[in-house]
Amino acid sequence: MSNKDKDPGLEFLESPEGLAGELTKFEKNLEKNRNIFFIAGGVIVVALAGWFGYHWYVNSQDEQAQAVLFNPVFAIEADSLNKALKGSGGNPGLTAIADEYGATPAGNLASFYAGTALLKQGKFDEAIDRLKSFSSSDLLVQARAYSLIGDAYLEKNVAEEAISYYQKAVDYKPNAYFTPSYMIKLGIAYEKAKKNTEAIEVYSTLIEKYPQSSEVLNAKKFKGLLESAAE
């Protein structure tokens, strides 16, 4: 290779003096940026330590929350709503568990149970707040929470909000087991809002998409009544 063909940027590879010069430059740059490297490395270490520490903390908190959640869940299943919500015998209730362990899965579930109990007590605004703070990727429970929020709004005669949350329940991972019951509620909410055309559409969709559902009879009945009234 002639001198013309050589890459000027690579000439130092053929020259011991040039190579030494490049190494000296590299060492100077490394020394200049050493603090930056150390700071960046320290930030990464701290971030990793924080991440692992946070997850360890959440897991340990979740174990505690699961342990104290047993009694109030048992109480709510026995329909002892006050005991479930407020606790008894020195054991915390659902609201206290949800507030103290809200960052944990068990604390999150306590919000769902608390919202359910409050709804049964007719405390609709409190029920809505608790249920809105709950979130889950579960097939059943998240859609159920949306539906319960819709129930609370319908009890408050706020039909438009009820429609919004029933629609969320219908749209959340649709399935033949639970979706039809949410569609019935959605249709009823549309009727409450005097939106009979939309209600008929919901009932028709239910009949078409879930013909084997036990809710089909109700859908046909409600649809027939609305169509008769429109004649």
Can you name the closest pair of heavy atoms from I207 and A219 and give their distance? CG1-CB, 3.8 Å
Closest non-hydrogen atom pair, V202 against G187: CG1-N, 4.1 Å
Determine all donor-acceptor pairs shorter than 3.5 Å in which one atom belongs to a side chain in residues 150-167; sequence neighbours excluded.
| unit_1 | atom_1 | unit_2 | atom_2 | d |
| --- | --- | --- | --- | --- |
| D151 | OD1 | Y166 | OH | 2.5 |
| D151 | OD1 | K185 | NZ | 3.2 |
| D151 | OD2 | K185 | NZ | 3.0 |
| Y153 | OH | K132 | NZ | 2.9 |
| K156 | NZ | D125 | OD1 | 2.8 |
| E160 | OE1 | K195 | NZ | 3.4 |
| E160 | OE2 | K195 | NZ | 3.1 |
| Y166 | OH | G150 | O | 3.4 |
| Y166 | OH | D151 | N | 3.2 |
| Q167 | NE2 | D171 | OD1 | 3.1 |
| Q167 | NE2 | D171 | OD2 | 3.4 |

State, to 0.1 Å, how close T179 and K173 come at their nearest heavy-atom pair, and which atoms those are. OG1-O, 4.5 Å
OG-CG distance between S181 and L186, expressed to the nearest 0.5 angstrom: 11.5 Å
Ignoring hydrogens and angles, state whether a donor on the side chain of E191 or Y203 is under 3.5 Å from an acceptor on the partner side chain. yes
Please check if any side-chain donor atom of K223 sits under 3.5 Å from a side-chain acceptor atom of S204, or the reverse. yes
Kindly say whether A143 contributes a backbone atom to a donor-acceptor pair with the side chain of S147 at under 3.5 angstrom? no
Let me check something: do Y177 and L140 share a hydrophobic cluster, defined by ILVMFWY side-chain heavy atoms less than 4.5 Å apart, either directly or through other members? yes
T104 (side chain) donor-acceptor with Y101 (main chain) under 3.5 angstrom: yes
Quick one: CG on L118 to CG on L131, what's the gap to the nearest 0.5 Å? 8.0 Å
Should K168 and Y182 count as side-chain neighbours, where that means a heavy-atom distance under 4.5 Å? no
Give me the atom names and distance for the closest heavy-atom approach of F222 to I188. CE1-CD1, 4.3 Å
Closest non-hydrogen atoms of S135 and N108, given as atom of the first, atom of the second and distance, are O-ND2, 2.6 Å
Atom of R130, atom of A98 and distance for their closest heavy-atom approach: NH1-CB, 3.6 Å
Taking side chain as C-beta onward, heavy atoms only, is F134 less than 4.5 Å from V141? yes
Could you grab the distance from atom CD1 of I184 to atom OG of S213, nearest 0.5 Å is fine? 7.5 Å
Chi angles and distances behind the side-chain contact (heavy atoms from CB on, under 4.5 Å) call for L119, F124: CA-CA 5 Å; L119 181 59; F124 304 124; 3.6 Å; yes
Please list all pairs meeting side chain to side chain donor-acceptor pair (under 3.5 Å) that have one or both residues in residues 136-145, counting only residues at least two apart or in different chains. none
Could you grab the distance from atom CG of L109 to atom OH of Y113, nearest 0.5 Å is fine? 5.0 Å
What I want to check is whether the side chains of N82 and Q121 have a donor and an acceptor closer together than 3.5 Å. yes
Could you walk me through whether I200 and Y190 pass side-chain contact (heavy atoms from CB on, under 4.5 Å), step by step? CA-CA 9 Å; I200 289 171; Y190 272 126; over 6 Å; no
